[in-house]
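This report concerns only the one structure given below.
One-based numbering along the sequence shown. In listed order, ligands and their atoms are each counted from 1.
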Amino acid sequence: MQGRAAEQFAEIIVDIAHADVDRVFTYRVPEGMFITPGMRARVPFGAQVKEGYVLGLTNTPGYDRAKIKDILEPIEPYPALLPQLTELAKELSVSAHCPLAEAIRLMLPAEMRGGRVKVRTEKAAQLIVPSDQLDEALAAQKRAPKRRLLIDLLADGQVHAVSDLGVLVRDPLPALRVLEEQGIARVFEREVLRSPYPDDPVLSPDPVLTDAQQEALDELIPALRAGSGRFLLHGVTGSGKTEVYIRAVRECLNSGKGAIVLIPEIVLTPQMVSWFRARFGDVAAVLHSRLSAGERFDEWRRIRAGMARVVIGARSAVFAPVDRLGIIIIDEEHESTYVSDRIPQYDARDVARSRADREGAVLLLASATPSILSFAKAVRGDYMLLEMPHRVMNRPLPQVTVVDMREELRLGNKSMFSEKLLAGLDRCMAQGQQAMLFINRRGYAPSVLCRRCGHAMGCASCDVSMTYHAQDKMLHCHYCGGREPMPETCPECGSRYIRTLGTGTQRVEEEVRRRYPDVGIVRMDVDTTSGKDAHRKLLGEFRSGVSRIMIGTQMIAKGHDFPQVTLVGAILADLSVNLPDYRSAERTFQLLTQVAGRAGRADIPGEVIIQTYKPDHYAIAAAATQDYRSFFGTEFARRKRDLYPPFTMMVRLLCEARDEQTARETSGALFNGIQAALAEQPALKKRVLYCREDDAPIKKIMGRARAQVLLKVLVHPDSDRVLLHLKSLAEQAWPCTVTLEIDPASMA
Ligand code: ADP
Ligand code: ZN
Ligand code: ZN
């Protein structure tokens with residue numbers, strides 16, 4: 001038995017996201033192989049070879065040693081998973097009800113799995129003779145001018161890329177090989193990191209902090225030193241929140257800690273990245289979905305190796321392998337993009353809080369329009385509230401006017417622009433300034449109708465109306481992406497009177513071009529920004545002043561800082577108010593306040609015009625005064641009165657089937673099952689405020705019929721049992737897909 005005692009075994013999660021194999025498997029670590037927890041390794045699994053994650057090591061396996069197989073090989077020579085991220089994954093697999101393997105996948109660039117991305121290398125060369133023997137080395141190359149030149153170029157003793165040498169010496173490799181044989185130089189492969197940045201960072205100096213920025217930091221810095229604290233920074237648009245992030249991050253770096261900064265959509269705010277690179281240089285890394293696989297892998301490795309200590313990224317960057325984390329900052333924390341709609345479902349704000357607690361880091365949520373949920377937590381004392389109520393340099397908040405479009409119509413103005421907005425645009429253009437026009441709908445016209453019978457053109461696969469697009473003169477479905485030619489006659493009655501109704505970005509663009517033929521215009525919506533570099537080009541065109549009017553969807557509402565914008569127009573503010581969602585008022589307020597915030601960010605004061613058919617709606621009125629507190633007060637009272645989140649949870653069992661009947665039969669059966677269970681358990685029944693079964697608001701998407709059971713459940717400790725029951729119901733075998741959603745980002 002000698003020698004056996006030293007045998008080592010690894011507990012491994014095999015990378016298969018299936019509940020049946022959601023447990024630890026034991027493998028032997030062959031003698032001489034280096035394995036530590038957190039490493040990935042290839043292991044035999046049945047007849048296959050699988051990748052796995054080492055959770056732990058042991059000398060005493062709880063399994064028959066004779067049956068234990070050997071690990072084949074480690075995948076990387078280092079632990080790809082930090083121990084604290086392994087813990088986070090374990091927690092997530094419980095809260096998101098998913099196999100641990102699936103939660104672990106979130107912690108690594110997707111391309112690392114299955115070896116779909118490789119470390120890139122290049123050939124490099126370096127002299128290996130001491131400098132006092134250089135002359136001798138040169139003398140040995142009498143009739144070889146190329147080799148002499150190479151020795152000269154390498155004489156600095158540095159490593160040079162062979163491709164760089166190739167710029168000065170044609171085809172240098174054979175000559176370098178000769179030098180290698182002579183023992184003068186060495187030629188080898190070295191790793192190169194693919195960089196997503198077009199330029200090297202140009203470091204810029206710090207501005208003097210405003211009093212409000214200083215006060216916020218006076219609270220943050222002691223918390224950073226103590227290694228705990230949760231904050232909500234409510235700072236109006238243009239109050240300089242970014243500078244607070246930068247100083248807090250710097251404090252972390254100075255004490256040897258790292259930082260994660262989450263932003264809602266990185267391609268929309270390249271500015272944040274350039275600001276951070278301007279202050280931190282290559283210590284900052286970015287992680288987001290538009291990077292190439294290689295870039296993402298290399299940025300991840302820079303972070304994992306500790307070369308990059310500040311990570312800026314979208315939602316999933318909350319899992320970045322930053323060791324010794326000092327702070328997690330969530331910019332524009334109200335954005336719904338922080339909620340992952342894919343499986344495993346998670347809310348980056350919750351993950352960030354848990355990670356910050358576990359790793360002794362500070363959590364900083366920030367927004368000009370905090371979500372009702374987060375602000376309620378601040379009011380309750382769960383977060384410390386930091387406020388920056390004024391813009392920097394005493395710049396005023398923009399002047400907002402609400403225009404009642406019903407009144408415009410009464411006065412005979414049928415155009416999409418009110419007199420007031422037109423006058424504002426005229427003035428803005430005449431003064432050489434810039435304007436932004438916001439409408440939360442892309443395409444030309446959102447509906448196409450027959451004037452004779454009223455038939456609306458709908459998508460064949462989805463229960464939604466088709467949007468007319470002027471670019472290709474086709475009808476587009478914004479849910480499934482389907483396209484159809486614009487019909488010449490009505491498919492119902494054959495009439496030729498077909499008209500487009502309503503306004504989208506393309507129609508606004510057409511109208512603006514007609515009125516200002518000499519002004520450069522950029523349009524930003526999903527249709528104009530699909531290319532890899534499209535965002536950057538369009539934003540650059542506007543920033544440089546080549547274009548002076550920007551038209552766009554909510555894409556243009558977010559954190560941009562364009563100093564020359566003095567006029568912002570919201571063409572139709574009502575669009576988001578009318579959505580069938582309890583958050584529609586909140587979303588409207590946020591959107592309008594954020595777009596309004598784009599105006600007057602430099603020395604010239606800004607003007608904002610909000611056009612609406614509902615000027616009295618409280619979300620629109622509060623956005624007009626940019627009064628967050630008053631909006632919060634009204635909305636919170638309404639949520640309390642009507643029992644919406646945060647007082648309740650909206651829970652939905654979504655049934656998706658090939659045909660309507662199956663979907664409805666399933667939702668009906670689920671409904672009956674819930675009713676029966678609640679009837680048996682009066683304690684739980686009390687927590688369920690209502691339970692309804694119906695078609696989903698959108699009955700069909702991509703050819704799949706949708707039905708739902710919608711429940712409103714009181715927030716209460718008992719409710720966990722309600723949720724567990726619903727979960728087990730959803731997991732039963734049904735004739736169609738059943739998904740359990742808790743406070744889903746979209747209720748459509
Ligand atoms: P917010 O994110 O709060 O809307 P930003 O961080 O974009 O605001 O800052 C608005 C503008 O103010 C930016 O152009 C920024 O460079 C500038 N700024 C921020 N802090 C200062 C300061 N202390 N002094 C001068 N300018 C500042
Ligand atoms: Zn018709
Ligand atoms: Zn469709």
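At least one N, O or S atom of C453, from either the backbone or the side chain, sits less than 2.8 Å from the Zn ion (ligand 2).
Here's the thing with G238: one of its N/O atoms is less than 3.5 angstrom from an N/O atom of ligand 1. Between K241 and ligand 1, at least one pair of N/O atoms sits closer than 3.5 Å. An N or O contact shorter than 3.5 Å is missing between W275 and ligand 1 by distance.
Per-residue contacts place V208 under 4.0 angstrom from the following atoms of ligand 1 (heavy atoms of the residue considered): 22 (C), 23 (N), 24 (N).
The heavy atom nearest to atom 18 (N) of ligand 1, considering only D211, V392, D206, is found in V392.
Counting only distance, with no hydrogens or angles, the side chain of D659 and the backbone of T662 share a donor-acceptor pair below 3.5 Å.
Between R629 and D627 no salt bridge is recorded (no basic side-chain N to carboxylate O distance below 4.0 Å). A salt bridge links R225 to E251: one of the charged nitrogens lies within less than 4.0 Å of a carboxylate oxygen. Under a 4.0 Å N-O distance rule, the pair D282/R277 qualifies as a salt bridge.
Contact annotation: V244 has no heavy atom less than 4.0 Å from any atom of ligand 1. Using 4.0 Å as the threshold, S239 has a heavy atom nearer than that to some atom of ligand 1.
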